[in-house]
Structure formats: structure tokens, C-alpha cells
Amino acid sequence: MYLLALAPILLVLVGSLGFLFVKVSRRESSRNLGELPPGPRGMPVVGHLHMLGKLPHQTLTHLSKIYGPIMSIKLGTVRTIVVSSPRAAELFLKTYDHVFASRPKTQAAGIFFNGSKAVTLTPYGTHWRNVRKLYVVHLLNTSKIIQFKPIRTEEIGRVIDRVKTAAEKNEVVNVSKILLELFENLVYRMILGRSKNDDDVKLKELVEEMVSLAGAFNISDYLPLLAPLDLQGLFRRMKQLRKSMDIILDKIIEEHEHQKDYKSKDDKDFVDVLLSLLNQSIDPQDKNSEIIDRNHVIVILLDMVGASLETSVKAIEWIFSEILKNPRVMKKLQDELETIIGKDRMVQESDLSKLTYLDMVIKEGLRLHPVGPFLVPHESMEDVVVDGFYIPRNSRILINVWSIGRDRDVWGDNVEEFYPERFENEDIDIQGLDFKLIPFGSGRRRCPGMHMGILNVRLVLAQLVHSFYWKMPHGMALEDIDMDEKFGLTVGRANNVFAIPIYRFND
Ligand code: HEM
């Protein structure tokens with residue numbers, strides 16, 4: 001969107017900055033380690049930036065069909081490698097993971113995470129390793145997931161009650177809105193440690209903007225000479241947003257500090273845990289490592305909220321939309337739920353492992369709609385030759401998971417169809433071992449919140465489909481449910497999904 005509006009400016013810049021391009025490209029090709037991967041011819045200075053369009057993952061899928069699964073383009077001054085097959089993804093995320101496990105330094109990372117104090121947008125290195133370990137050991141472990149069970153049960157129960165009231169009145173439900181509110185409440189209670197108050201700023205709207213800004217193709221990142229002009233106004237918006245987020249987080253941290261018992265509580269939320277680590281070495285084994293300060297606490301909370309809120313909502317929204325569009329799948333899923341659970345109680349977390357069709361439905365949903373269509377961009381840390389192609393140091397790597405999920409050679413002719421049965425006798429792993437399906441990434445940068453994410457997606461979907469039949473709003477046909485996408489660091493539905501619930505239980 002931003003790029004389209006800026007096309008004329010970019011074209012003018014082509015001429016004036018042409019000489020710089022010649023200098024940079026000469027430097028790149030002089031390494032003589034072999035040929036860069038093939039790619040379309042770009043323009044001087046802007047490279048292929050102007051070609052990305054509104055949905056870059058779709059544009060690049062189209063181009064990869066012409067130039068191959070390892071394709072090279074140039075986004076401004078940044079060499080960018082687009083990876084679009086399971087075999088190529090395995091080369092980048094497993095064989096050469098040690099080279100590609102970094103993240104590019106971007107304006108968004110600088111503003112939202114003080115450069116590199118958190119995990120998601122932090123370059124590879126000791127700091128990233130230490131903070132990621134802190135996440136895994138203290139925040140995303142099994143006992144924390146179990147500890148939050150009562151919160152999940154209560155919040156999901158509340159949603160079911162609300163939808164039940166709508167069902168009694170035969171009302172249309174905005175499922176997207178309900179999901180976003182559910183996860184906002186879950187994030188408030190699990191990560192920030194308290195329920196959302198009416199006077200709290202709407203975290204979900206701020207996070208939505210943060211993820212969208214962090215995923216935008218920011219001209220300042222690709223043509224750094226133009227950064228001071230802030231042509232898209234992104235710098236200004238990110239600064240304002242960070243300020244608003246700081247106000248919320250500061251308030252929440254202060255509330256926790258006043259509680260005094262946060263260090264001794266058994267059921268610590270994430271803020272309690274982080275505050276109890278204040279002034280300690282970030283790496284307990286290395287007393288000389290960085291000391292955790294209040295700034296760390298803020299950016300880690302920001303990272304956690306950003307990484308968990310939108311991903312889960314968007315995943316469920318997509319899969320729910322597919323189920324609604326495919327009554328055959330909804331019926332089969334309800335039959336499974338009825339066989340395993342019956343019709344007189346809610347789904348329990350202990351039921352989930354028995355719901356094999358639900359698992360297939362989720363895999364199929366994430367195949368067609370990976371919420372991170374390029375994962376989070378990776379960056380190469382050294383010059384390397386992959387599959388005969390020269391990949392220069394500091395190249396940006398986009399793993400086009402969206403394209404892999406829709407590749408006919410991988411999935412067969414019915415690739416566009418929502419058909420969960422394709423996973424029936426195929427033991428395809430979703431956690432990063434099978435490069436056909438990597439919605440959580442793979443290797444060193446794989447999503448550390450995956451278990452929490454999968455649990456939430458399973459539980460919410462199971463509960464919504466078990467408790468209600470869902471039908472189309474009056475006057476709408478199944479074909480009217482659009483599947484339009486909105487691009488950002490995560491890709492969600494462009495429009496909300498609506499449906500009418502009919503309560504299924506006997507009470
Ligand atoms: C359905 C839900 C989720 C999906 C689909 C998802 C997907 C992803 C993806 C694709 C990546 C990037 C992997 C890469 O670049 O190679 C990622 C990274 C990450 N995710 Fe998730 N995620 C989900 C839920 C969560 C949750 C609940 C949390 C935490 C509470 C979380 C925390 C993170 C973090 C911290 C990273 C950055 C890892 C790093 O850079 O080292 N995610 N996630």
C-alpha cells in the first residue's frame with residue numbers, strides 16, 4: 001500500500017541515485033564466489049521494491065514459478081533471497097541454519113525493541129541466545145502452560161456464554177472481534193498478570209499496528225540514505241506507538257511492584273517472573289553478562305505480547321473461516337467431538353490429544369494460511385554457497401511458507417482445496433521437522449511459543465465447533481465468505497468473519 005503510493009517518488013530517485021547503485025552492485029559481484037540465484041531484472045536503486053504490490057508473498061510466489069525455488073531480488077540496497085520449496089527451506093533452515101539464523105537490523109526493531117534487547121527481531125548472538133533461554137526456561141515452559149489452564153478455561157467459558165446469548169437471540173456474531181477480545185484478555189491475564197480494565201487503552205489495536213508496522217516494507221530499511229526523509233511516515237508512527245505501549249506497560253509494571261509479594265508468589269505471571277529477575281545476570285552461568293534492567297522487562301513484554309496476540313487470533317480466524325465455508329468438514333469435526341466428548345459437556349484440555357481430525361483441520365488451515373507467510377525475515381551472517389548459488393553476507397532471507405503450502409508439486413492438484421483428509425495417512429509434523437509444513441519455522445529461530453500457540457488454537461476451535469452449529473448470516477451464501485488477505489509481519493483476513501451460532505448442547 002505504502003509502496004504503491006510512493007512509486008512516482010521512487011522513480012524520480014532512480015535517476016538521481018543511479019551512480020550509488022553501480023558502486024554497490026560492483027562491490028557485490030566482485031566477491032567471485034559464484035553466481036547469485038536467478039531473479040527478475042530490477043530497476044537501478046529501487047531494485048524490485050516497486051514490484052512487491054499489496055500482497056508481496058503472492059507476487060513473489062508468482063515470480064518464483066519463473067525463476068526457481070531459490071530466487072534473488074534486490075529491495076533497494078538489500079540483496080534478498082526468496083526461498084520457495086521444502087528442499088530449499090531445509091537447506092536454509094537446517095543445513096545452513098548456523099549461517100541464516102540472524103535477523104536484519106531494521107528501524108522497527110530499533111524503535112520497538114531498543115535495537116536488540118528482546119528476541120523476535122534481534123540479530124543472532126549471545127544476547128539473543130540468553131534472552132531466548134530466559135523465555136524458554138521461565139516463561140514458555142510446560143509448568144507455566146499448565147499454570148494458566150484455569151485462566152484459559154474461564155476466559156473461553158465466558159466467550160461461549162456470550163455466543164450462547166447471541167444464539168438464543170438468533171443474532172449474527174462477529175467471530176473475528178470475539179476472538180481478538182478473547183486473546184486480548186488471555187494476554188492481559190497470562191502475560192501482564194491482571195484482567196483488562198475498562199479504562200485500559202485497547203492493547204489489541206496497538207499490537208495490531210505494531211505488527212503491521214514491523215512487517216511493512218519500510219523504504220528507510222532498504223534505502224538508508226532516504227531514512228531521514230521518513231517518506232512513508234513510518235518512523236513517526238512507530239515512535240508514537242512505542243510511547244503509547246510504554247505508558248501501558250509502565251503502569252502494569254508499577255502495579256506489580258506495589259504488590260510486594262511478586263517475588264514469592266507461586267502463580268507468577270510473566271511480569272512477576274521478569275521483575276523477580278531484575279538486577280540479575282541475563283546468563284546465570286556468566287556473571288559478566290548483561291544485567292536485567294527495567295528496559296529489558298519492557299521490551300520483553302512487548303515482544304511476548306506482539307508475538308502471541310496476533311498470531312493465535314489470525315490462525316484461528318482463518319481456520320474457522322475454512323470450516324464455515326466447508327460444511328462437510330464442520331460436520332465431520334462435530335461428529336468427532338461428539339464421539340469423544342459427548343453432547344453434555346465442554347471440551348477439556350485432556351480431550352485434545354484424542355481429536356485427530358481436529359489436528360488435520362488445523363494442519364490444513366495453517367498450510368493454506370500460515371500467519372507468517374515469510375516467517376520472520378532471516379539474515380545471512382557470512383558469504384556462503386547454497387545449492388551452487390552464491391549468497392552474500394547480510395542478505396535478507398524470506399522463506400515463502402505461503403508459496404510452499406500452495407505448491408502443486410508438493411500437495412497435488414487439489415492444492416487450493418481445504419481438504420484435511422490429505423493428512424490422513426501422512427505423518428506430517430507441524431513443529432519444524434517436515435519442511436513441507438513449517439508455520440512455526442524451524443531451526444534456531446523456530447517459534448518458542450509453539451506449544452502454547454497450538455494448545456490455544458486447538459482448544460478455542462474445538463470449543464467453538466463443539467458448542468455451536470454455525471450458519472451463514474441471512475442472505476449470504478458460502479461463496480460470499482471472502483478469503484482476502486491483509487499483509488503485515490503476520491497475514492490475517494482483510495475482513496472480519498461473521499456467522500450465526502446455534503447452540504448444540506442439551507441443557
Ligand atoms: C498459532 C500461534 C503462533 C504461530 C503460528 C507462530 C509463528 C511463529 C513464526 C512463523 C515465527 C518465526 C520463525 C522464524 O523466523 O523462523 C515465530 C517466532 C516467534 N514466536 Fe511464535 N507463533 C505463534 C505463537 C506464539 C506464542 C503464543 C508466543 C509466545 C507467547 C510466540 C513467541 C514467539 C517468539 C518470541 C518468536 C521469535 C523467535 C526468535 O526469533 O528466536 N509465538 N512464531
Side-chain angles (χ1 to χ4, degrees), residues 57 83 89-90 92-94 97 100-104 109 112-113 116-125 127-136 138-141 144-145 148 152 179 183 186-187 189-192 207 211 214-215 269-270 273 299-320 362-363 365-367 369-379 396-402 404-405 430-432 435 437-461 488-492:
H57 55 295
V83 175
E90 183 165 356
F92 281 77
L93 298 178
K94 188 174 168 191
D97 187 32
F100 296 113
S102 198
R103 301 278 193 222
F112 292 133
F113 302 112
S116 51
K117 292 231 185 248
V119 166
T120 308
L121 301 182
T122 299
Y124 187 77
H127 181 82
W128 163 79
R129 196 175 302 108
N130 286 335
V131 185
R132 187 174 160 117
K133 200 151 81 189
L134 185 154
Y135 283 18
V136 174
H138 294 286
L139 306 176
L140 301 171
N141 54 32
K144 273 274 163 278
I145 295 179
F148 294 140
R152 284 190 291 273
L179 288 173
F183 276 88
L186 285 173
V187 161
R189 292 186 65 186
M190 297 194 299
I191 299 182
L192 304 178
V207 173
V211 176
D269 57 66
F270 285 12
V273 174
V299 292
I300 289 174
L301 289 174
L302 209 53
D303 195 19
M304 279 283 155
V305 172
S308 58
L309 180 58
E310 286 245 311
T311 44
S312 310
V313 172
K314 287 179 179 171
I316 300 174
E317 216 187 350
W318 280 124
I319 302 169
F320 180 87
I362 290 172
K363 282 182 183 172
L366 293 175
R367 173 184 75 81
H369 309 285
V371 289
F374 292 135
L375 301 178
V376 175
H378 287 226
E379 189 179 84
R396 193 154 303 193
I397 314 296
L398 304 179
I399 310 285
N400 196 343
V401 182
W402 190 91
I404 296 174
I430 202 178
Q431 306 193 2
F435 290 86
L437 192 64
I438 43 169
F440 296 95
S442 179
R444 288 167 171 78
R445 286 290 183 162
R446 188 179 72 157
C447 173
M450 179 174 61
H451 295 294
M452 197 182 272
I454 293 177
L455 171 62
N456 287 335
V457 172
R458 280 173 163 176
L459 193 60
V460 173
L461 274 173
L489 195 56
T490 58
V491 166

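These numbers were taken from a predicted model, which means no experiment stands behind them. The figures here come from the full heavy-atom set of this structure, side chains too, leaving out hydrogens, waters and symmetry mates. Nothing fancy with the numbering, it's 1 onward along the sequence. Whatever order the structure lists them in is the order used to number ligands and atoms, beginning at 1.
- Residue pairs meeting the salt bridge (Lys or Arg N to Asp or Glu O under 4.0 Å) criterion with at least one member in residues 441-455, sequence neighbours excluded, are D97-R444.
- Protein heavy atom in closest approach to atom 38 (C) of ligand 1: R132 NH1, 3.4 Å.
- Under the side chain to side chain donor-acceptor pair (under 3.5 Å) criterion, E317 pairs with S176, sequence neighbours left out.
- Contacts between V376 and ligand 1 below 4.0 angstrom, taking non-hydrogen atoms only, involve backbone and side chain alike.
- P104 and P377 get closest at one heavy-atom pair: CD-O, 3.4 Å.
- Considering backbone and side-chain atoms together, H378 places an N or O closer than 3.5 Å to an N or O of ligand 1.
- Judged by the shortest distance from any of its heavy atoms, R103 lies inside the 4.0 Å radius around the atoms of ligand 1.
- In this structure, H57 and F374 have perpendicular ring planes: the angle between them is above 60°, well past the 30° mark.
- Side-chain N or O atoms of H378 include one that pairs as donor or acceptor with a backbone N or O of F100 at under 3.5 Å.
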- Task: Check the pair K144, V273 against side chain to side chain contact (heavy atoms under 4.5 Å, CB included), reporting the backbone distance first and the verdict last.
- Result: CA-CA 11 Å; K144 273 274 163 278; V273 174; 3.8 Å; yes
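- For R396, the side chain to side chain donor-acceptor pair (under 3.5 Å) partners two or more places apart in sequence, or in a different chain, are Y222.
- Every atom of ligand 1 with a heavy atom of W128 under 4.0 Å away is listed here by number and element: 39 (C), 41 (O).
- At distances below 3.5 Å, not a single donor-acceptor pair connects side-chain atoms of R132 with backbone N or O atoms of V119.
- Checked by distance only, ligand 1 and S442 stay at 3.5 Å or farther apart across all their nitrogen or oxygen atoms.
- Nearest protein heavy-atom neighbour of atom 5 (C) of ligand 1: V371 CG2, 3.4 Å.
- Between the side chain of D269 and the backbone N or O of R189 there is no donor-acceptor pair closer than 3.5 Å.
- Protein heavy atom at the shortest distance from atom 10 (C) of ligand 1 is P439 O, 3.2 Å.
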- Passes side chain to side chain contact (heavy atoms under 4.5 Å, CB included), Y124 versus R129? Steps please. CA-CA 7 Å; Y124 187 77; R129 196 175 302 108; 3.5 Å; yes
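- Atom numbering of ligand 1 starts at 1 in the shown order; those under 4.0 Å from a heavy atom of L375 are 10 (C), 14 (C), 15 (O), 16 (O).
- Surrounding NZ of K94 are at most 12 heavy atoms belonging to other residues, nucleotides or ligands under 6.0 Å away.
- Within the listing of ligand 1, atoms 35 (C) sit less than 4.0 angstrom from a heavy atom of Y135.
- From the protein, the heavy atom lying nearest to atom 13 (C) of ligand 1 is R445 O, 3.3 Å.
- Those atoms of ligand 1 that come under 4.0 Å of a heavy atom in L140, given as number and element, are 29 (C), 30 (C).
- The set of protein atoms (N, O or S) found at less than 2.8 Å from atom 21 (Fe) of ligand 1 reads C447 SG, by chain and number.
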- May I have the step-by-step check of side chain to side chain contact (heavy atoms under 4.5 Å, CB included) for D303 and F113, ending in yes or no? CA-CA 8 Å; D303 195 19; F113 302 112; 3.7 Å; yes
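- The proximity of L139 to ligand 1, defined as any non-hydrogen pair under 4.0 Å, does not occur for either the backbone or the side chain.
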